[in-house]
There are 2 protein chains.
Amino acid sequence: MDSRQVQRGGGLAAWRQIADALAADIAAGRLVSGARLPAEADLAGQFGVNRHTVRRALAALAADGLVRATQGRGTFVEASPLPYPLSRRTRFSAALARVGREASGALLASETVAASAAVAEALGLAEGAPALRLATLSRADDAPLSLAYTHVPLPRFAGLAAQYGESGSFTRAFAALGVNDYTRASTRIGARMSRPEEATLLELAPGRPLLVVDSVNVDLDGVPIQATRSLFAADRVEFEIRNPGQALPGSASP
Amino acid sequence: MDSRQVQRGGGLAAWRQIADALAADIAAGRLVSGARLPAEADLAGQFGVNRHTVRRALAALAADGLVRATQGRGTFVEASPLPYPLSRRTRFSAALARVGREASGALLASETVAASAAVAEALGLAEGAPALRLATLSRADDAPLSLAYTHVPLPRFAGLAAQYGESGSFTRAFAALGVNDYTRASTRIGARMSRPEEATLLELAPGRPLLVVDSVNVDLDGVPIQATRSLFAADRVEFEIRNPGQALPGSASP
DNA sequence: CGTGATTTGTCCGTATGTATC
DNA sequence: TGATACATACGGACAAATCAC
């Protein structure tokens with residue numbers, strides 16, 4: 001690991017070289033949000049410096065909000081989460097493309113179920129009516145972002161699971177079934193701790209928080225087509241609501 | 001504690017009386033969300049029943065999602081979070097009044113600071129310009145709901161701390177300083193774990209999650225008047241975004 | 001419920017280079 | 001040149017928190 005060695009006497013303090021190297025690792029995704037950094041002693045070995053020098057670097061990163069150290073546990077990446085706009089036309093892939101990330105979706109499971117009371121109300125169905133339930137995992141640049149459970153009414157979207165499995169996108173899957181446009185009718189946002197199996201699927205350190213988003217999408221006739229509960233890794237995303245204002249400088253939207 | 005004793009043979013099962021009493025405690029805020037209930041043995045003593053009767057009551061509450069029992073730790077309140085609408089005219093007191101809760105706010109601290117880069121950008125100031133920073137604690141029916149750090153530009157709102165201290169409301173404090181109306185320009189929502197001191201202030205069990213909301217309000221001329229970071233107890237609130245009915249193809253800004 | 005291993009937090013002291021007066 | 005102050009870096013030891021067992 002010679003490339004990790006700091007340069008001595010080069011005008012730049014050793015602790016700053018270390019801080020910059022770690023910040024670059026975070027920015028480049030080599031250290032994903034929530035990941036644990038090597039122990040201070042290990043980093044000291046990597047960089048060939050004393051542990052106190054590493055601590056000086058970590059203190060600088062912590063002051064910038066990039067990492068957070070916890071006694072007895074370690075130092076963890078607190079990289080800035082990616083902004084995720086919530087609008088009436090919220091689209092997963094489009095939201096990520098805006099910030100230069102690539103979206104992908106994987107189908108984990110699909111089954112036919114009887115609509116629960118909550119699902120039935122959201123979709124405007126009778127309780128117990130047939131619905132299709134999809135479990136999907138969405139990624140941004142290969143980092144798991146959200147685990148979603150989606151219900152759609154069943155006679156209408158019987159082929160949705162196959163379509164989603166092929167395209168990895170609800171927008172494209174709905175388009176293939178004749179719904180070329182839809183809008184967000186309602187959104188509810190809460191937060192809770194992740195359960196172990198959720199943390200595993202999201203490749204998240206155990207006990208990290210989730211943003212829980214319940215959303216309902218409707219087609220252009222206002223008919224509900226999709227009720228989804230999404231579990232976002234709170235470390236990796238931050239929702240954004242922009243209200244069109246009278247004086248917003250630089251609000252260039254296409 | 002005679003009032004806690006169950007009535008025997010009154011037609012209502014003892015376990016149901018206990019469940020109702022505990023549910024009432026939760027609804028009234030005597031048991032705040034996340035709080036630990038007394039041990040089953042203690043409750044049995046309070047109500048003058050066998051521990052199995054208490055267990056029957058707790059099982060009923062758990063089935064309703066009001067509490068959650070964890071072996072070896074205890075039984076904890078999982079009260080349903082109150083819905084908090086996020087709109088362009090989001091007002092704390094009005095949002096709570098909609099759901100029948102009373103809002104109150106306490107001023108924890110206020111100081112004059114030099115605007116950081118983030119604050120300066122949000123408020124449209126120069127970095128280092130004078131700003132007033134308020135730390136406030138908001139409650140819904142006496143249960144702490146959010147801990148907020150607010151920055152306002154300083155020559156303009158010099159008297160804001162005193163006004164807020166009196167009224168416990170930003171709406172009223174701004175009105176007293178000549179700003180009778182304002183709207184929400186932007187909202188960012190994330191989540192993270194609470195730090196110990198935050199958990200203490202919010203009367204939250206340690207390690208419970210927070211909803212972090214960064215918001216900017218502007219006056220009717222579009223001039224930013226307030227940049228706030230609010231830390232909501234995620235156990236006690238759920239944000240709601242309603243999109244008005246019909247969708248218009250090509251929904252651009254007005 | 002302890003017990004030990006791991007890891008960060010904090011204190012002690014020492015030495016060196018650099019800038020300033 | 002000398003005195004002083006400051007930031008940087010190293011070495012060691014122990015306290016405190018966390019976690020697996």
Side-chain angles (χ1 to χ4, degrees), chain A residues 1-26 30-80 191-210 233-235, chain B residues 34 36-42 51 68-76 191-210 231 234:
Chain A
M1 287 292 237
D2 280 21
S3 63
R4 300 287 278 186
Q5 298 285 323
V6 299
Q7 290 190 342
R8 315 312 293 267
L12 204 52
W15 68 264
R16 181 152 285 283
Q17 295 179 48
I18 296 169
D20 290 347
L22 293 175
D25 285 347
I26 293 170
R30 288 187 292 272
L31 286 172
V32 297
S33 193
R36 208 192 109 197
L37 274 67
E40 293 172 354
D42 293 345
L43 286 174
Q46 275 182 40
F47 287 101
V49 299
N50 188 272
R51 175 169 163 245
H52 295 298
T53 308
V54 170
R55 284 183 61 74
R56 180 72 181 85
L58 291 178
L61 292 177
D64 287 341
L66 284 174
V67 304
R68 186 177 41 135
T70 309
Q71 190 174 142
R73 299 206 331 127
T75 305
F76 297 84
V77 178
E78 288 262 305
S80 63
R192 64 169 172 82
M193 313 297 298
S194 59
R195 290 191 265 266
E197 65 272 20
E198 294 162 350
T200 302
L201 283 167
L202 288 168
E203 294 175 24
L204 208 53
R208 300 300 303 160
L210 300 177
D235 292 327
Chain B
R36 206 190 115 202
L37 273 67
E40 292 175 354
D42 293 346
R51 173 163 168 258
R68 185 176 42 134
T70 309
Q71 193 175 98
R73 299 209 320 131
T75 304
F76 296 83
R192 64 170 172 81
M193 313 297 298
S194 59
R195 290 190 265 267
E197 66 272 20
E198 295 162 349
T200 302
L201 284 166
L202 288 168
E203 295 174 23
L204 207 54
R208 301 299 303 161
L210 300 177
L231 309 176

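Residue numbering restarts at 1 for every chain, and letters A, B, ... go by the order of the sequence lines.
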[X] [atom1] to [N] [atom2]: how many Å, rounded?
{"X": "A:E40", "N": "D:dG12", "atom1": "CD", "atom2": "P", "answer": "17 Å"}
{"X": "A:Q71", "N": "D:dA15", "atom1": "CD", "atom2": "C1'", "answer": "8 Å"}
{"X": "A:D42", "N": "C:dA5", "atom1": "CG", "atom2": "C1'", "answer": "14 Å"}
{"X": "A:L43", "N": "C:dT7", "atom1": "CG", "atom2": "P", "answer": "11 Å"}
{"X": "A:R36", "N": "D:dT18", "atom1": "CZ", "atom2": "C1'", "answer": "11 Å"}
{"X": "A:R56", "N": "D:dC6", "atom1": "CZ", "atom2": "C1'", "answer": "13 Å"}
{"X": "A:F47", "N": "D:dA9", "atom1": "CZ", "atom2": "P", "answer": "13 Å"}
{"X": "A:R55", "N": "D:dA15", "atom1": "CZ", "atom2": "P", "answer": "17 Å"}

Q: Under the side chain to side chain contact (heavy atoms under 4.5 Å, CB included) rule, what do B:E198 and B:R192 come out as? Steps first, then yes or no, please.
A: CA-CA 12 Å; B:E198 295 162 349; B:R192 64 170 172 81; 3.0 Å; yes

Q.
For D:dG12, does the base pair up with any side-chain atom of A:R51 as donor and acceptor (N or O, under 3.5 Å, distance only)?
A.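 Such a pair does not exist between side chain and base.
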
Q: Confirm from the modelled atom types if A:H52 and D:dG12 form a donor-acceptor pair under 3.5 Å, side chain to base only.
A: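 Flag set: donor-acceptor pair detected.
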
Q) Could you walk me through whether A:T53 and A:I18 pass the side chain to side chain contact (heavy atoms under 4.5 Å, CB included) check? A) CA-CA 9 Å; A:T53 308; A:I18 296 169; 4.2 Å; yes

Q: Under a 3.5 Å limit for both distances, which nucleotide forms a Watson-Crick or G-U wobble pair with D:dG2, could you say?
A: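 The base-pairing partner of D:dG2, which may sit in any strand shown, is C:dC21.
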
Would you please confirm or rule out a distance under 4.0 Å between OP1 or OP2 of [N] and any side-chain N or O of [X]?
{"X": "A:R73", "N": "D:dC19", "value": "yes"}
{"X": "A:T53", "N": "D:dC10", "value": "yes"}
{"X": "A:T70", "N": "D:dA17", "value": "no"}
{"X": "A:N50", "N": "D:dG11", "value": "yes"}

Q) Are any of the side-chain heavy atoms of A:L22 and A:L66 separated by less than 4.5 Å? A)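 No, side chains not in contact.
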
**Q.** Contact check, side chains of A:V32 and A:D235, non-hydrogen atoms, under 4.5 Å
**A.**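 No, too far: nothing below the 4.5 Å cut-off.
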
Q: Pick out which of A:L31, A:I26, A:V54, A:D25 makes a side chain to side chain contact (heavy atoms under 4.5 Å, CB included) with A:L37.
A: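 Only one of A:L31, A:I26, A:V54, A:D25 forms a side chain to side chain contact (heavy atoms under 4.5 Å, CB included) with A:L37, namely A:L31.
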
